[in-house]
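Everything below concerns the one structure shown next.
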Amino acid sequence: MSKSRKKSNRRAPVTNQAWVWVILLIVVIVLISLGLEWLKSDYSPKPEIVPHQTEHHKLPPRETTQKPLSSIHEQYSSTHQKAKPSKPLSGPVSTTQAPYYFGTGKGVIALIIDDMGSDKKSADTLIKIGVPLTFSVIPGLAASRSVAETAKAHNYQVMIHMPMEPQGYPKQRLEKNGLLLSQDDDEIASRVSSYMEEVPYAVGANNHMGSAFTENSEKMEVVLKDLKGKGLFFIDSRTTPNSVGYSLAKKMGVKTGTRNVFLDNVQNSDAINKQLKEAATIARRKGSAIVICHPHSTTIKTLQESLPELAKSGITFVRVSQLVK
């Protein structure tokens, strides 16, 4: 009996070893099957995933070619359709292409920086904020052309800031190349044409000063006719409540808009922030607002701090051409 038990005990390990080999073979087969399935799925086409999409602001399809600068004359629709950003954003950035802030709430602002052209440094600093600002350049200044070229290189919009006769002229100072009520129509048209040569890549214009000139329908008609012929829009800066610029432009079929808020009549950060809040309130209530400020050091510093915060609150910044009608 003891001998048969010993023989039985010696066979058990052989049987167990066979089962181990069977199990290993099954595992290998399963792994090979899974590997083949993985290879098939890895080479199958996958849908493109676009980050930062929301129900209210879906990024448009990617384009294979960049749109020319002339294509920026587009209306901002009630459905909040926007120009394609250079890449999805997660916060303030600085790139060679002007990015766009997509807010999640209502309210659209186009921000114009008037009086550009004295120096290029202001343009460089403003571009770094990463919001699609519009530079309105006074023709004939030392850096007018270089500011326009810098803006164009970074895909920022350029306007002509046309010097126009103010109330109280000549005691009230005006640039030598300004438009005056005493000038005949040919002189006015000639000066407007020269502005376009001195400020390249301009897609629109607004008045610099002009509290007297913009009240005169006959003189404004000459200006608006020339702008329309060149395909430029007009923004009425409304330096006087009696301006006919906006209403006359609409009557003549010129794409136009009007300033809603001046940011920096008072040069301190608290006052500028108060005006920014007013602009945001108007934008949320009416859908959009056109805002004007100037490249003062206090203004630039305030914009650097406040514009990204406004974007996070839901305000969307667009080019001014998207708000003209």
Side-chain angles (χ1 to χ4, degrees), residues 110-117 134-141 144 158-196 198-199 202-266 275 278-279 282 286 288-294 320-321 323-325:
L111 183 51
I112 300 170
I113 313 295
D114 273 358
D115 294 1
M116 297 294 286
T134 300
F135 294 163
S136 193
V137 182
I138 298 176
L141 299 185
S144 295
V158 180
M159 289 171 53
I160 301 168
H161 200 29
M162 298 184 296
M164 293 180 170
E165 182 174 329
Q167 300 285 356
Y169 178 83
K171 288 184 178 180
Q172 179 69 34
R173 178 184 170 276
L174 181 69
E175 284 74 15
K176 293 180 180 180
N177 60 348
L179 305 180
L180 304 176
L181 294 173
S182 59
Q183 295 166 353
D184 61 30
D185 292 357
D186 289 341
E187 176 65 17
I188 291 172
S190 175
R191 293 198 175 201
V192 172
S193 295
S194 72
Y195 297 161
M196 298 176 189
E198 294 172 20
V199 183
V203 295
N206 69 330
N207 54 291
H208 169 52
M209 305 180 78
S211 55
F213 195 96
T214 57
E215 290 184 356
N216 189 295
S217 296
E218 293 181 3
K219 299 300 182 182
M220 281 300 300
E221 186 174 350
V222 178
V223 173
L224 293 170
K225 183 179 179 180
D226 209 34
L227 294 178
K228 184 179 181 181
K230 298 292 194 302
L232 274 64
F233 58 81
F234 175 72
I235 302 295
D236 192 340
S237 301
R238 281 183 56 222
T239 54
T240 169
N242 299 319
S243 173
V244 299
Y246 176 70
S247 59
L248 186 58
K250 290 186 69 176
K251 183 179 179 181
M252 294 175 62
V254 180
K255 289 186 176 182
T256 188
T258 183
R259 185 268 308 166
N260 298 107
V261 176
F262 274 126
L263 289 186
D264 53 359
N265 284 338
V266 179
Q275 292 300 95
E278 173 66 15
I282 293 172
K286 295 185 176 182
S288 64
I290 295 175
V291 180
I292 293 177
C293 64
H294 306 83
V320 72
S321 66
L323 299 185
V324 297
K325 298 177 180 179

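Since the structure is predicted, the reported quantities are computational estimates derived from the model, not experimental observations.
By the 4.5 Å heavy-atom criterion applied to side chains, Leu181 and Phe213 are counted as neighbours. Residues Leu179 and Tyr195 meet the side-chain proximity criterion, which asks for heavy atoms closer than 4.5 Å. Contact annotation: the side chain of Pro139 approaches that of Ile160 to within less than 4.5 Å [non-hydrogen atoms, C-beta and beyond].
Taking each heavy atom of Leu323 and Ala289 in turn, the nearest pair found is CD1-O, 3.8 Å. Nearest heavy-atom pair across Met162 and Ala205 is CE-CB, 3.9 Å.
In this structure, CG on Asn216 lies 10.0 Å from CG on Leu248, to the nearest 0.5 angstrom. Distance check: Glu198 CD to Arg191 CZ gives 10.5 Å after rounding to the nearest 0.5 Å. Interatomic distance, Asp185 CG to Glu218 CD, rounded to the nearest 0.5 Å: 8.0 Å. With values rounded to the nearest 0.5 angstrom, Asp114 atom CG is found 7.5 Å from Met159 atom CE. Summarising the geometry, atom NZ belonging to Lys325 is positioned 7.0 Å from atom OH belonging to Tyr246; distances are rounded to the nearest 0.5 Å.
Under the 3.5 Å distance criterion, the side-chain polar atoms of Ser190 are left unmatched by any main-chain donor or acceptor of Glu187. Between the side chain of Asp264 and the backbone N or O of His294 there is at least one donor-acceptor pair closer than 3.5 Å. Distance alone, capped at 3.5 Å, is enough to place a donor-acceptor pair between the Asn207 side chain and the Ser237 backbone. No donor-acceptor distance shorter than 3.5 angstrom exists from the side chain of Ser243 to the backbone of Arg238, with no hydrogens or angles considered. No donor-acceptor distance shorter than 3.5 angstrom exists from the side chain of Ser211 to the backbone of Pro166, with no hydrogens or angles considered.
Sorted by first and then second residue, the side-chain hydrogen bond (donor to acceptor under 3.5 Å, both in side chains) pairs involving residues 162-177 (not counting sequence neighbours) are Gln167-Glu215, Glu175-His208.
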Practice item. Take Ser136 and Asn206, measure what side-chain hydrogen bond (donor to acceptor under 3.5 Å, both in side chains) needs, and give me the verdict at the end. Key: CA-CA 8 Å; Ser136 193; Asn206 69 330; 2.6 Å; yes

Exercise for review: Take Met209 and Thr239 through the side-chain contact (heavy atoms from CB on, under 4.5 Å) test and state the conclusion after the steps.
Suggested key: CA-CA 6 Å; Met209 305 180 78; Thr239 54; 5.7 Å; no

Check your understanding: After noting the C-alpha distance and the side-chain angles of Ile138 and Asp115, does the key distance pass the side-chain contact (heavy atoms from CB on, under 4.5 Å) rule?
Key -> CA-CA 6 Å; Ile138 298 176; Asp115 294 1; 3.7 Å; yes

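Applying the side-chain contact (heavy atoms from CB on, under 4.5 Å) test between Val320 and each of Ile292, Ile112, Val291 identifies Ile112 as the sole match.
Listed by chain and residue number, Tyr156 satisfy the ring-ring contact (aromatic ring centres under 6.0 Å, His included) test with Phe135 (two or more places apart in sequence, or in another chain).
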Under 3.5 Å, side-chain donor or acceptor atoms of residues 221-235 against the rest of the protein: list the pairs with distances, not counting sequence neighbours.
from: Asp226; atom 1: OD2; to: Ser193; atom 2: OG; distance (Å): 3.4
from: Lys228; atom 1: NZ; to: Met252; atom 2: O; distance (Å): 2.7

